[in-house]
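Worksheet: one structure, shown below.
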Amino acid sequence: MPELPEVETVKKGLQECIIGEEIAYVTVYYDRIIQNTTVTDFCKSFIGQKIVDVKRKGKYLIFIFQDVILVSHLRMEGKYFIRHQEEKAKHEHIIFGFISGKTLRYHDTRKFGTMELFLTTNLKEILKQKPLVNLGKEPLEPDFNGTYLHQKLLKSKRPLKSVLLDQTIVSGLGNIYANEVCFYAHLNPSQPVNTLTSEDFQNIAISAKKVIIKAISLGGTTIRTFVNAHEISGRFQNELMVHMRKKCCICGGEITKEFVGGRGTYYCKNCQKMR
DNA sequence: AGTGTTACCCGAACGC
DNA sequence: TGCGTTCGGGTAACAC
């Protein structure tokens, strides 16, 4: 469930502890995480490479090395830990060993996560290819606004929440924050987007920014298992308005759970009326 | 072309 | 307790 704020939190944690570290070896225990190359080539390519920076695009982490770039998606339960220990723990699938003796360990109970290796440091080129191509604007980009959403969704009859989850329209929102954005905008998650006004779109854009800024400032949301590189939990779960909640904090009414686009959706029938 | 649906990844939680 | 079933987020592939 790492969404934009969680991935941003992971990124910051990694920046604090692995920039400048030089890779001595890489060990892969589960092949299928690696998407676009063989395990042998994957491991070889990192040897002797120093980590220059860690960036983020949508929900993707981008590790910049001297000559290569690694793009990593955590999907549901991917995590990065930094440890000194050598023994592989359960659910650790890839271990990056540094000259210093530190190790960066990719842990993923569901094995849903993906990694792609690029043999270039030209980020602009990488943004033009899978998996980063086609990502929509992020809520915190300056030109993510009502006009942008309106123009992207002019003819769409899809439910608002499905559109918020569509990474080609907005990148970074997942199920938790999509629920929260609908609540802040006082809109029903099932509302077809072609029935929304430009004020609604403006409202949605502002709500998305608000939710994401606050979640980042609190280190993300820990509902099941999310922790950052220092294994610290996020605190935004205390601020959730509708996701996994029972009562609406505005009107005191019951929070409804139903499925929209096949995803569990939480909202207040009273505060988020269908129009 | 745009939209909705399904499959997939797999372990944990649940129910009997 | 043990075993089968259900669940689930994000994405790609598929069907219409």
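Predicted, not measured: the structure shown is a model, and the values here were computed from it. Below, chains carry the letters A, B, ... as their sequence lines are ordered, and counting in each starts from 1.
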Is the CD atom of A/Glu254 crowded by more than 12 outside heavy atoms at less than 6.0 Å?
-> no
Rounded off to whole Å, could you give me the CD-to-P distance for the A/Glu77 and C/dG8 pair?
-> 13 Å
Report the residue from A/Ile126, A/Leu70, A/Ile62 that forms a side chain to side chain contact (heavy atoms under 4.5 Å, CB included) with A/Phe118.
-> A/Ile126
Do we get A/Lys88 above A/Tyr29's six-membered ring, with its NZ or CZ under 6.0 Å from the centre and within 45° of the axis?
-> yes
Rounded to the nearest angstrom, tell me the gap between atom NE2 in A/His73 and atom C1' in C/dT11.
-> 8 Å
Rounded to whole angstroms, how far apart are CD on A/Gln167 and C1' on C/dA13?
-> 17 Å
How many Å lie between NZ on A/Lys152 and P on B/dA1, as a whole number?
-> 16 Å
Checking all strands, does A/Ser162 fall into the base, sugar-phosphate, or nothing category for heavy-atom contacts under 4.0 angstrom?
-> nothing
Can a side chain N or O of A/His107 be found less than 4.0 Å away from OP1 or OP2 on B/dG11?
-> no
Distance-only donor-acceptor pairs under 3.5 Å for side chains of residues 179-186 of chain A, two or more places apart:
| from | atom 1 | to | atom 2 | distance (Å) |
| --- | --- | --- | --- | --- |
| A/Asn179 | OD1 | A/Lys161 | NZ | 3.4 |
| A/Asn179 | OD1 | A/Tyr266 | N | 3.4 |
| A/Asn179 | ND2 | A/Asn175 | O | 3.2 |
| A/Asn179 | ND2 | A/His243 | ND1 | 3.0 |
| A/Glu180 | OE1 | A/Met241 | N | 2.7 |
| A/Glu180 | OE2 | A/Met241 | N | 3.3 |
| A/Glu180 | OE2 | A/Val242 | N | 3.0 |
| A/Glu180 | OE2 | A/His243 | N | 2.9 |

May I have the step-by-step check of salt bridge (Lys or Arg N to Asp or Glu O under 4.0 Å) for A/Glu21 and A/Lys102, ending in yes or no?
-> CA-CA 9 Å; A/Glu21 294 282 349; A/Lys102 276 188 196 173; 3.3 Å; yes
Nucleotide nearest A/Arg158 when distance is taken to its side chain, options B/dT3, C/dG8, C/dT11 | B/dT3
Interatomic distance where CG belongs to A/Asn179 and P belongs to C/dG10 [whole Å] | 10 Å
Send over the distance from A/Leu154 CG to B/dA1 P, rounded to a whole Å.
-> 18 Å
Going by distance alone, is a donor N or O of one side chain under 3.5 Å from an acceptor N or O of the other, for A/Thr103 and A/Arg105?
-> yes
In whole angstroms, the gap separating C1' of C/dG8 from CZ of A/Phe259 amounts to 9 Å
Can any side-chain N or O of A/Lys137 pair as donor or acceptor with the backbone N or O of A/Leu149 at less than 3.5 Å?
-> no
Any side-chain N or O of A/Lys59 under 4.0 Å from OP1/OP2 of C/dG10?
-> yes
Produce the list of close N/O pairs, under 3.5 Å, pairing protein atoms with atoms of nucleotides 6-9 of chain B; give distances to one decimal.
| from | atom 1 | to | atom 2 | distance (Å) |
| --- | --- | --- | --- | --- |
| B/dC9 | OP1 | A/Arg32 | NH2 | 3.4 |
| B/dC9 | O3' | A/Tyr30 | OH | 3.4 |

Counting just side-chain N and O atoms, does A/Ser156 come under 4.0 Å of either OP1 or OP2 of B/dT3?
-> yes
Find the distance A/Ile169:CD1 to B/dA1:C1' and express it as a whole number of Å.
-> 14 Å
